[in-house]
Amino acid sequence: RRFTRAVEAGFRMALVQKLQVLSMRFHSGTQSGVVLSKLVSDVQFIQMLIYDRFMEVLYLSEDVVFIIVVALMKFPLMLAFYAAIIPAVIFLLRRFTGPMQDRRAGMRKQNEQVSAAVKEMLEMEGLNRAHGLAKTEYRSILAKVRSAQRAAVLYDRQTVSVNNVTYGVFQGLRLLSLSFAALLTATGHIEVGTLVLFQSIFEMIISNVQRMLDSVPMITQGYDSLKSVNEILYAGDLEKNGTALLPAPVQGEIEFRQVTFGYEADQDPVLKGISFRVPARGSIAFVGKSGEGKTTILNLILGMYNVQE
């Protein structure tokens, strides 16, 4: 448990470190509530996935060694019969893991939107009350909550389908195992006591496989959380900050030459071909309506964003 908690803390600090070097363009286009959801909830799911998979492998290894030893001592042919179950298990895992990951990803994105909307509401609560926008904000969040609810229902339906199919498959495998062991007993290859032993071993195998398939929702949740965290860890929109000292003395002159800038690549630029010069100790005034780029120019001067041209 100490190891998985260390991994959890390491993931969180890696995210914090990466967030500090990502560009302001990334931060302005990403809701802080979504980032917090990744930092807290998704990292916790990753820790749970690592711990559960480690314990699962440990328990499974003990049972596998016991089954192999007993089968080799009593009747090696039964070991081949047990090994034939492996392809069926792999097929079931591959068949259900992919669709459940898609459902889980959709549910996570909807929950992130709810988290971001609630955080924004709390930050803007004073303005919402002052302008009488409480009902409007409520309706906006309600729409997001209902979308998250629909995504969760689809995920739950997928989980129920997995449980129903695996139950039917396992009942068929139990019948097949019992029939095979009964045939060996009837033909004199094994005794009745050995039949009971093999059937008990088969129930042990089925129990392990059932536990693995029951954990498919947890696996998909953990892997989806890992993909969610990687959206930040592998983001390439980094801030290009230099390490060289400014030359002395600094003149303090600012000049824009045909500067073009846009927040989104698929939208029209906010600034296009802007040119001006502010001499040292000089001043300049930007006059314009809201949304015409005054704050954007100041952010470019401060180095918050990089110009396209």
Side-chain angles (χ1 to χ4, degrees), residues 15-39 108-134 136-137 139-141 143-144 147 228-247 250-309:
L15 284 171
V16 170
Q17 188 175 24
K18 186 59 179 287
L19 288 168
Q20 289 180 328
V21 299
L22 286 170
S23 69
M24 292 304 299
R25 183 193 301 274
F26 175 88
H27 286 285
S28 63
T30 305
Q31 294 171 303
S32 57
V34 172
V35 175
L36 287 175
S37 179
K38 296 177 186 296
L39 186 65
R108 171 181 57 82
K109 291 183 182 298
Q110 294 295 334
N111 287 333
E112 286 178 348
Q113 292 301 314
V114 172
S115 176
V118 172
K119 185 177 184 300
E120 183 180 359
M121 180 199 72
L122 294 175
E123 292 174 348
M124 305 293 291
E125 185 62 21
L127 290 176
N128 289 334
R129 293 189 183 186
H131 292 84
L133 297 175
T136 302
E137 191 70 21
R139 287 193 293 268
S140 175
I141 294 178
K144 290 181 173 60
S147 295
S228 174
V229 168
N230 284 341
E231 291 175 1
I232 293 180
L233 292 179
Y234 288 95
D237 193 1
L238 303 179
E239 195 74 67
K240 297 179 181 179
N241 295 321
T243 57
L245 297 176
L246 291 174
V250 177
Q251 298 296 323
E253 181 177 285
I254 298 173
E255 184 175 6
F256 275 40
R257 296 179 183 177
Q258 295 295 315
V259 171
T260 297
F261 174 79
Y263 289 100
E264 300 293 340
D266 57 348
Q267 297 179 358
D268 293 335
V270 179
L271 304 175
K272 188 174 182 180
I274 299 296
S275 298
F276 64 86
R277 177 176 174 274
V278 184
R281 301 181 182 275
S283 61
I284 190 173
F286 300 107
V287 180
K289 295 183 293 185
S290 177
E292 290 192 341
K294 300 184 298 298
T295 303
T296 300
I297 292 175
L298 292 178
N299 287 333
L300 290 175
I301 293 174
L302 294 173
M304 298 293 186
Y305 301 100
N306 297 318
V307 299
Q308 278 84 39
E309 298 180 13

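Position 1 is the first residue of the sequence, and the numbers go up from there. Just so you know, these numbers come straight off a predicted model, no measurement behind them.
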Worksheet item: To the nearest 0.5 Å, what is the distance between CE (M124) and NE2 (H131)?
Response: 9.0 Å
Practice prompt. Give a yes or no on whether the backbone of A143 and the side-chain of S147 come within a donor-acceptor separation of less than 3.5 Å.
Written response: yes
Worksheet, complete the sentence: dist L15:CG -> K38:NZ (nearest 0.5 Å) comes out at 9.5 Å
Discussion item. On a heavy-atom basis, which atom in G273 and which in T260 lie closest, and how many Å separate them?
Written reply: N-OG1, 3.2 Å
Worksheet entry | Exercise: identify the closest heavy-atom pair between K294 and G288 | NZ-O, 3.0 Å
Worksheet item: When rounded to the nearest 0.5 angstrom, what is the spacing between NZ in K18 and CG in N230?
Response: 9.5 Å
Worksheet item: If every non-hydrogen atom of G293 is compared with every non-hydrogen atom of V270, which pair is closest and at what distance?
Response: CA-CG1, 4.0 Å
Worksheet entry | Working for side chain to side chain contact (heavy atoms under 4.5 Å, CB included), residues L39 and I232 | CA-CA 10 Å; L39 186 65; I232 293 180; over 6 Å; no
Worksheet item: For the residue pair M121 and E137, what are the closest heavy atoms and their distance?
Response: CG-CG, 3.5 Å
Item to complete: Could you tell me the separation between the CD1 atom of I297 and the CG atom of L271, rounded to the nearest 0.5 Å?
Response: 5.0 Å
Worksheet item: Hey, what do you get for CZ (F261) to CG (N299), rounding to the nearest 0.5 Å?
Response: 8.0 Å
Worksheet item: Of all heavy-atom pairs between I274 and F256, which one has the smallest distance, and what is that distance?
Response: O-CB, 3.8 Å
Discussion item. Could you work out, with ring pair (Phe, Tyr, Trp, His ring centres under 6.0 Å) as the rule, every residue matching F286, not counting sequence neighbours?
Written reply: F276
Worksheet item: Taking atom CG of L19 and atom CG of L233, what is their separation to the nearest 0.5 Å?
Response: 8.5 Å
Practice prompt. Before giving the answer on salt bridge (charged side-chain N to carboxylate O under 4.0 Å, His left out), spell out for E231 and K109 the whole-Å C-alpha distance, their side-chain angles and the decisive distance to 0.1 Å.
Written response: CA-CA 12 Å; E231 291 175 1; K109 291 183 182 298; 3.7 Å; yes
Worksheet item: Any donor and acceptor pair, going by atom type alone, linking the side chain of K144 with main-chain N or O of V114 inside 3.5 Å?
Response: no
Item to complete: Only counting residues at least two apart or in another chain, list the ones meeting side chain to side chain donor-acceptor pair (under 3.5 Å) with Q17.
Response: none
Fill in: Non-hydrogen atoms of L22 and A235 that approach each other most closely
CD2-CB, 3.8 Å
Worksheet entry | Crowding at NZ, K272 (>12 non-hydrogen neighbours, <6.0 Å) | no
Fill in: Partner set under side chain to side chain donor-acceptor pair (under 3.5 Å) for S115, not counting sequence neighbours
none
